[in-house]
Protein chains: 2
Amino acid sequence: MKNYELVLHRVEADLAAGRLRIGGRLPGERTLAEQLGISRPSVREAVRVLEAMGVVRTATGSGPEAGAVIVAEPVSPLTAVLRLHLATNHLPMGDVVQTRLLLESWSAREAAGRELEADELKAAEGLLDRMDDTGLSPEEFHLLDAEFHVALSGLAGNVLIAAVMTSLRSAIHGYVLAAVPNLPDWEAVAVGLRAEHREILAAVRGGEPERAASLVTAHIRGFYQAAQLAPFGGEGGTA
Amino acid sequence: MKNYELVLHRVEADLAAGRLRIGGRLPGERTLAEQLGISRPSVREAVRVLEAMGVVRTATGSGPEAGAVIVAEPVSPLTAVLRLHLATNHLPMGDVVQTRLLLESWSAREAAGRELEADELKAAEGLLDRMDDTGLSPEEFHLLDAEFHVALSGLAGNVLIAAVMTSLRSAIHGYVLAAVPNLPDWEAVAVGLRAEHREILAAVRGGEPERAASLVTAHIRGFYQAAQLAPFGGEGGTA
DNA sequence: CTACCGGTGTGGTCGGACCACAGGGTAGGG
DNA sequence: CCCTACCCTGTGGTCCGACCACACCGGTAG
């Protein structure tokens, strides 16, 4: 048993038992070291891991914002894990895209079947309005695009799936952007994407689950085919 | 910019550029510290993070197995992130189960639509045979059960989804086990689960995607309802 | 009453030291 | 000549003590 794991187990146990809550603070590194009978460097290694896992946020200084504060940020660790494993080339980009397709089509179906608050849709709509600006560069456009898709999957109400979607989009971002030059006419593509987005949102708002899901599937598939990316054989959503 | 991040970026860049491959080794901690102009403790913090992310495996001693070896182990970090965030109670168990349902039904549909090698199915079948042993405790049974479901999702051929499934199962394990006492007759339930497993595998082998998917959905839903667990309203798979 | 300014506690970093471990080269015995 | 036992070397694992930068907070001077 390595020493830093003592800290990890201690923190996990404290979380599970409710002794630590979001917004709470870990004891100081020196205190923790003394309590567990280990050295400060060992404690620091554990805190770094917790930070990388999105469980704490550290800050120097004093006051309520300083120290190791408990947070709940699952997106950044998921993104980091994805990025690193994509870098090893042992995680095919095709699998990532396929997973995205699955999660998004499900989210759209689910969201269309729920009672949505008006302000939930407002955020997504605002993004679409901003995407109407024809002066946007492909990169700016795609950032808004990604944000829209993430917002859409958030409407399904499953925080895990929303978090995974966010990570997937981050991981895919560079990949998609690199393929923009493959498109024969970017502006024409953008026009098509805008229309499809509106259509998807309308289907979600109108409570048409199957239509929303198939629109999303077609929307994503269409773009990847146009950009000559990731030939993926899987279904993703409902056929 | 914190010092340990220098190491993370360096390693990620080396991975992306192909200077580091699976099976390769990181420079020694002392060497790395000198190269980046930082101290060894800073390097160690970064290595710990990489280890927690499943990118390296560290070992003492000498020889080809010692040092920080590059590996590709996405499952353990995903599991750890899930466990920690479940402990914070900011990740509802219902969402985890719902996600599992989605991934598994998709995997079953996908697997049934593929050409499978005989030995791919062998592993799953072997697990089912072992589960026929009536002397198994609920915990032993459930471990095999989880392994079977993971193997099943592996048949779809998407390593990301398979990895996520493995993590979800680990996260759910304790939760499910704690609910076994809720079951009026464990042995009767086990008999039903065995039959359903065989049926699912048959549908996958027989190339019946929709049947496989709906069997899986019913299989999972049935168990959760019997154990009076996680009332989840979502669809998960195709309705 | 206000503005300044040090005290105090936080994480961030560093250098050095020692330990346990495992492999490989070497010196010794057969 | 071969085999065995030993020691040397390099690895990560751990620890100590120190100093820095930072941010709040309280006392103090105006």
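By convention in this document, chain letters (A, B, ...) are assigned in the order of the sequence lines, proteins followed by strands, and residues within each chain are numbered from 1.
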Could you state the atom-to-atom distance from [atom1] of [X] to [atom2] of [N] in whole Å?
X     : N      : atom1 : atom2 : answer
B/E45 : D/dT14 : CD    : P     : 14 Å
A/L32 : C/dG11 : CG    : C1'   : 13 Å
B/L26 : D/dT11 : CG    : C1'   : 13 Å
B/E65 : D/dT11 : CD    : C1'   : 13 Å
B/I38 : C/dG16 : CD1   : C1'   : 17 Å
A/K2  : C/dC19 : NZ    : P     : 21 Å

Counting side-chain heavy atoms from C-beta on, which of [options] comes nearest to [X]?
X     : options                : value
A/N3  : D/dT14, D/dC16, D/dT11 : D/dT14
B/S39 : D/dT11, D/dC15, C/dC14 : C/dC14
B/E29 : D/dG13, C/dG15, C/dG12 : D/dG13
B/S62 : D/dC15, C/dT13, D/dG10 : D/dG10
B/S42 : C/dC14, C/dT10, D/dC15 : C/dC14

Can you check whether [X] has a side-chain N or O nearer than 4.0 Å to OP1 or OP2 of [N]?
X     : N      : result
A/T58 : C/dG12 : yes
A/R57 : C/dT10 : no
A/R44 : C/dG12 : yes
A/R40 : C/dG12 : no

Should [X] and [Y] count as an ion pair when the cut-off is N to O under 4.0 Å?
X      : Y      : answer
A/E51  : A/R48  : yes
B/R130 : B/E140 : no
A/R83  : B/E12  : yes

query: Do A/T79 and A/S167 have a side chain donor and acceptor closer than 3.5 Å?
result: yes
message: Using a heavy-atom cut-off of 4.0 Å across all strands, would you classify B/G61 as base, sugar-phosphate, or nothing?
response: base
message: Regarding D/dG13, can its base be found pairing with the side chain of B/R48 as donor and acceptor, where the two atoms are less than 3.5 Å apart?
response: no
query: In terms of the angle between their ring planes, are A/H197 and A/H219 parallel, tilted or perpendicular, with boundaries placed at 30° and 60°?
result: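 Judged by the thresholds at 30° and 60°, the geometry between A/H197 and A/H219 is perpendicular.
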query: Which residue lies toward the 5' end of DNA chain D, A/R30 or A/M1, if each is placed at its nearest nucleotide?
result: A/M1
query: Start at the 5' end of DNA chain D and walk down; is the nucleotide closest to A/P41 or to B/G67 reached first?
result: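 So the residue in question is B/G67.
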